[in-house]
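Contents: one structure, followed by commentary.
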2 protein chains.
Amino acid sequence: MSNQEPCCSPLAATPLDAVEAATFAPLFKALGDPVRLRLFSLIASHQGGEACVCDLTDAFDLSGPTISHHLKTLKQSGLVEAERRGTWIYYRIRPEILAQIGALTTVARPVS
Amino acid sequence: MSNQEPCCSPLAATPLDAVEAATFAPLFKALGDPVRLRLFSLIASHQGGEACVCDLTDAFDLSGPTISHHLKTLKQSGLVEAERRGTWIYYRIRPEILAQIGALTTVARPVS
DNA sequence: CATCTGATTCGATGCTTGTCAAGATAGAGA
DNA sequence: TCTCTATCTTGACAAGCATCGAATCAGATG
């Protein structure tokens, strides 16, 4: 909102009001579980930008339903989206949403 | 660690392993509650870089113990630290820890 | 249509968490 | 030392959450 000296993240520039906090907290919360954080990273870094559930399930010692539950949580937060193609369901991240977290937590370094 | 094209956040560059996920997830989790996110932002943006509990409690319709509980959670995550000076206890953020979140979630833009 | 496989939903269970009231602690000042 | 104020701790409770097994759904294929 403001062009200020390269000092503080937006979080430190102006106190978040209750509405803003209620908007952003769920994003942090969704990444606040180790399994979901790994899932998100796995999806984000997967070749082609998307990963099917089978790829993801194999990476954990957890049941299918549990992985499915975490994926649903990530999807509901807006951090990922899913698409069915034939037998498989592919998940990919939504970079705009990730960027919101990045923008909040990073020192604003004005571009040029 | 790597000088890569300005493409992906570290989260998307390489999949986090279980240990890394267990390290970072608690940071996201600590900011994953709207009250704590506002508290953190209030502390970060407070004049002088620190805020006493009395300043913070007044900003919420919550009991003192509840605010104290959230501050303890933030402190245990490493995102803030506290110092007693006389009657009052002052909280301030630890920018290095916030920067870790920023670095994880932001596209690596190599510094010139 | 029957069956197989990938993935989700349902239902249950035990653990974690957000909240408050009441009590405890710590420093300042009379 | 006694009291006042700021803050934390304790104990309790309801709500939320991570997890699993069983059941269900959706395509693909025979």
Side-chain angles (χ1 to χ4, degrees), chain A residues 16 18 21-22 24-43 46 48 50-93, chain B residues 16 18 21-43 46 48 50-92:
Chain A
L16 250 45
F24 292 113
L27 296 181
F28 288 103
K29 187 175 186 179
L31 295 179
D33 177 274
V35 174
R36 283 195 297 270
L37 187 56
R38 279 188 73 195
L39 278 172
F40 185 81
S41 177
L42 239 29
I43 295 167
H46 203 268
E50 56 185 18
C52 80
V53 180
C54 52
D55 294 327
L56 301 169
T57 304
D58 291 349
F60 297 86
D61 276 340
L62 290 171
S63 69
T66 297
I67 298 298
S68 195
H69 160 72
H70 284 303
L71 288 171
K72 184 181 186 178
T73 301
L74 283 172
K75 190 164 57 173
Q76 285 175 337
S77 77
L79 280 162
V80 306
E81 59 191 359
E83 180 195 354
R84 167 160 235 145
R85 285 206 304 278
T87 306
W88 295 277
I89 299 180
Y90 294 88
Y91 282 81
R92 58 179 160 269
I93 73 162
Chain B
L16 251 46
T23 302
F24 292 114
L27 296 180
F28 288 102
K29 188 176 186 177
L31 295 179
D33 178 275
V35 173
R36 283 195 297 270
L37 187 56
R38 279 188 73 196
L39 279 171
F40 185 80
S41 179
L42 274 155
I43 296 168
H46 203 267
E50 55 185 17
C52 80
V53 180
C54 52
D55 295 327
L56 302 170
T57 303
D58 292 347
F60 297 86
D61 276 339
L62 289 171
S63 69
T66 297
I67 299 298
S68 195
H69 160 72
H70 284 302
L71 288 171
K72 184 180 184 179
T73 301
L74 282 172
K75 190 164 58 172
Q76 285 175 336
S77 77
L79 279 162
V80 307
E81 58 191 359
E83 181 195 353
R84 168 160 233 145
R85 285 205 302 278
T87 306
W88 295 277
I89 299 180
Y90 294 89
Y91 283 80
R92 59 180 159 269

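So you know, we letter chains A, B, ... as the sequences are listed, proteins then strands, and number each from 1.
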Query raised in the report: Do A/Leu71 and A/Ile43 come close enough that some side-chain heavy atom pair is under 4.5 Å?
Result: yes
Query - From CA spacing to verdict: side chain to side chain contact (heavy atoms under 4.5 Å, CB included), B/Thr23, B/Leu16 - result: CA-CA 10 Å; B/Thr23 302; B/Leu16 251 46; over 6 Å; no
Query raised in the report: Contact class for B/Arg85 (heavy atom, under 4.0 Å): base, sugar-phosphate, or nothing?
Result: nothing
Query raised in the report: Nearest 0.5 Å, what's the NE2-OH distance between A/His46 and A/Tyr90?
Result: 9.5 Å
Query raised in the report: Side-chain contact, heavy-atom cut-off 4.5 Å: A/Asp55 with A/Cys52?
Result: yes
Query - Length of the line joining B/Leu56:CG and D/dT7:P, which is rounded to integer Å - result: 9 Å
Requested in this report: Under 4.0 Å between any heavy atoms, over every strand shown, what does A/Ile67 touch: base, sugar-phosphate, or nothing? Just pick one.
Outcome: nothing
Report task. Specify the separation, in whole Å, of atom NZ of A/Lys72 and atom P of D/dT19. Result -> 16 Å
**Report entry** B/Tyr91 vs A/Leu62, nearer the 5' end of DNA chain D by closest nucleotide
**Finding:** B/Tyr91
Query raised in the report: Tell me: CG of A/Leu37 to P of D/dA18, nearest whole Å?
Result: 13 Å
Query raised in the report: What is the distance from atom CG of B/Leu31 to atom OG1 of B/Thr73, rounded to the nearest 0.5 Å?
Result: 11.5 Å
Query raised in the report: When you measure from the side chain of A/Lys29, which nucleotide among D/dT7, D/dC20, D/dG16 comes out closest?
Result: D/dG16
Requested in this report: Please check the phosphate of D/dA28 (OP1 and OP2 only) for any side-chain N or O of A/Thr87 closer than 4.0 Å.
Outcome: no
Requested in this report: Walking along DNA chain C from 5' to 3', note the first and the last nucleotide with an atom under 4.0 Å from a heavy atom of chain B, and give both.
Outcome: C/dT17 to C/dA28
Requested in this report: Looking only at non-hydrogen atoms, find the nearest pair between B/Ala21 and A/Arg38 and report the distance.
Outcome: CB-CG, 3.3 Å
Query raised in the report: From B/Asp33 CG over to A/Phe28 CZ, what is the distance, rounded to the nearest 0.5 angstrom?
Result: 12.5 Å
Query raised in the report: When the distance from NE2 of A/His70 to P of D/dA18 is rounded to whole Å, what number comes out?
Result: 6 Å
Query raised in the report: Atom CD of A/Gln76 and atom P of D/dC17: how far apart are they, to the nearest Å?
Result: 10 Å
Query raised in the report: Between D/dC8, D/dA6, D/dC20, which one does the side chain of B/Trp88 approach most closely?
Result: D/dA6
Report summary line: From NZ of B/Lys75 across to C1' of D/dT9 the rounded distance in Å is 12 Å
Query raised in the report: Reckon B/Arg84 has a side-chain N or O less than 4.0 Å from the OP1 or OP2 of D/dC8?
Result: no
Query raised in the report: More 5' along DNA chain D: A/Thr73 or A/Gly86, using each one's nearest nucleotide?
Result: A/Thr73
Query raised in the report: Roughly how many Å is it from CD1 in B/Ile89 to P in D/dT7, rounded to a whole number?
Result: 7 Å
Query - For atom CG of B/Asp58 and atom C1' of D/dA6, their distance in whole Å - result: 12 Å
Requested in this report: Examine D/dT10: is either OP1 or OP2 under 4.0 Å from a nitrogen or oxygen in the side chain of B/His69? Give yes or no.
Outcome: no
